[in-house]
Amino acid sequence: MTNKIVNIGGARACYTEFIGAGGVGEYHVIISATDVMATYQQQLEAVLDAFQYLIKHELKNATSVFKRYFLSDASNQADDVIANDVSDCAKSIIEQAPLDGTKVALWAYLMTGVSTRQTESGLYEAVHGSYRHLWNGSAYNLAANSEHQMRLLFNEYVMQLAHEECTLAENCIRTWLFVNDIDLNYGGVVRARNQVFFTQGLTPETHFIASTGIGGRQQDPNVLAQMDNYAVKGITREQVHHLYASTHLNRTSDYGVSFERGTYVDYGDRRQVFISGTASINNKGQIVHPKDVVKQTHRMWENVEALLNEAGCSYDDVGEMVVYLRDPSDYTVVSKLYAERFADKPYVIVLAPVCRPGWLVEMECMAVKAQHNDAFASL
């Protein structure tokens, strides 16, 4: 894994590069505008121009597989993203304001050596060899409440997977659930997910799916739940492993929710790791260091590190990090902590309340590490 920072016009880009033995490269890019005095249109243009520069000069013509735009005011900004980014990949657009004072930031995941298209089911695929990576972004509906919206989102996703000859239990690796006014609406999202998972054979005795459930707003205020997701066609049960770090964390089912702390997938030439949204929690399910964002940040890092270590990885293998803060006044201290420890890593810090009010900070990440396994095909 190599890391690089590039300043391009009115934007700062930080990216990681991993090239597997099979030749397929993976890139995580986080681009932030740098001029807080610029208009939103100017900042968006700077981010898009920087991305195009990277594609042409830095990323060896890698193909976009998934993008997420973090916006400060989705009602007034989302349409401009839709109009100006016409790339053929899964796109997630969410109001989670970048806390550096700018209006837009971009996380992009790219691969080399893959072919991409939108399938008839509506999912976007990236194909290499025997694997089809299926991504989706910004799924939503306008049902009556958060529980009904989340149930419909999962039901629709189950049907999309069935169209691709996949199932939620066997093929889905990762979900992201964005909840408008999470303190009010998260309970409905949890109930819906629990119910759908039970019908799909996902239980504490089998497994759940790595996930982040976090505050986030769509441009339409009537959307109470929005979902992004990722699945792989062509994997076997033997390739997928779930992470627990039981010395540091409890099982999520202990407090009535249904997601895995992390998941890793082994391929012939690499291991990909997906760490769910992780906060300052102990293995009894209790909040550690209430009301102290510095100590919570350190405990959160420790928890994530324990999950990574269980997958045979470390922070050196991490490709990107998204950090969520409940209170924007905590940005100065948290950003200083990250700048000191992860100066060359792609990360973005955004405004997004965690599902339990006492958690002041949460983070998620993806990692990749080279390995050789003759039992599985290379990515």
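Keep in mind that this is a model prediction, so the values were computed, not measured.
N282 and Q286 share a side-chain donor-acceptor pair at under 3.5 Å. Side-chain atoms of E26 and Y109 form a donor-acceptor pair, as typed in the model, at a separation below 3.5 Å. In summary, the side chains of N229 and T175 do not present any donor paired with an acceptor at a separation below 3.5 Å, with no hydrogens or angles considered. With no hydrogens or angles considered, a side-chain donor-acceptor pair links D266 and Q371 at under 3.5 Å. Residues S87 and K67 bring a donor and an acceptor atom of their side chains to less than 3.5 Å of each other. Using modelled atom types, one finds a donor on one side chain and an acceptor on the other under 3.5 Å when comparing T212 with E364.
No donor-acceptor pair closer than 3.5 Å links the side chain of Q239 to the backbone N or O of V265. Looking only at distances, a side-chain donor or acceptor of N185 sits under 3.5 Å from a matching main-chain atom of N180. Judged purely by atom type and a 3.5 angstrom limit, W359 has no side-chain atom pairing as donor or acceptor with the backbone of I287.
Both tests hold for R356 against Y255: distance to the six-membered ring centre under 6.0 Å, angle to the ring axis within 45°. Judged by the 6.0 Å distance and 45° axis criteria, R68 is positioned over the aromatic ring of W176.
Aromatic ring centroids of Y338 and W301 lie under 6.0 Å apart. For F197 and F154, the gap between ring centers is short of 6.0 Å. Between F274 and Y264, the distance separating the two ring centers is not shorter than 6.0 angstrom.
Among residues two or more places apart in sequence or in another chain, the salt bridge (Lys or Arg N to Asp or Glu O under 4.0 Å) test is passed with D330 by none.
Of all non-hydrogen atoms in M300 and M363, the two that sit nearest each other are SD-N, 3.4 Å.
A tilted orientation is assigned to the rings of H57 and Y53, their planes being inclined by 30° to 60°. A parallel orientation is assigned to the rings of H133 and Y230, their planes being inclined by less than 30° (bins at 30° and 60°).
With I275 as the partner, the side-chain contact (heavy atoms from CB on, under 4.5 Å) test is satisfied by one option alone out of N303, V318, L308: L308.
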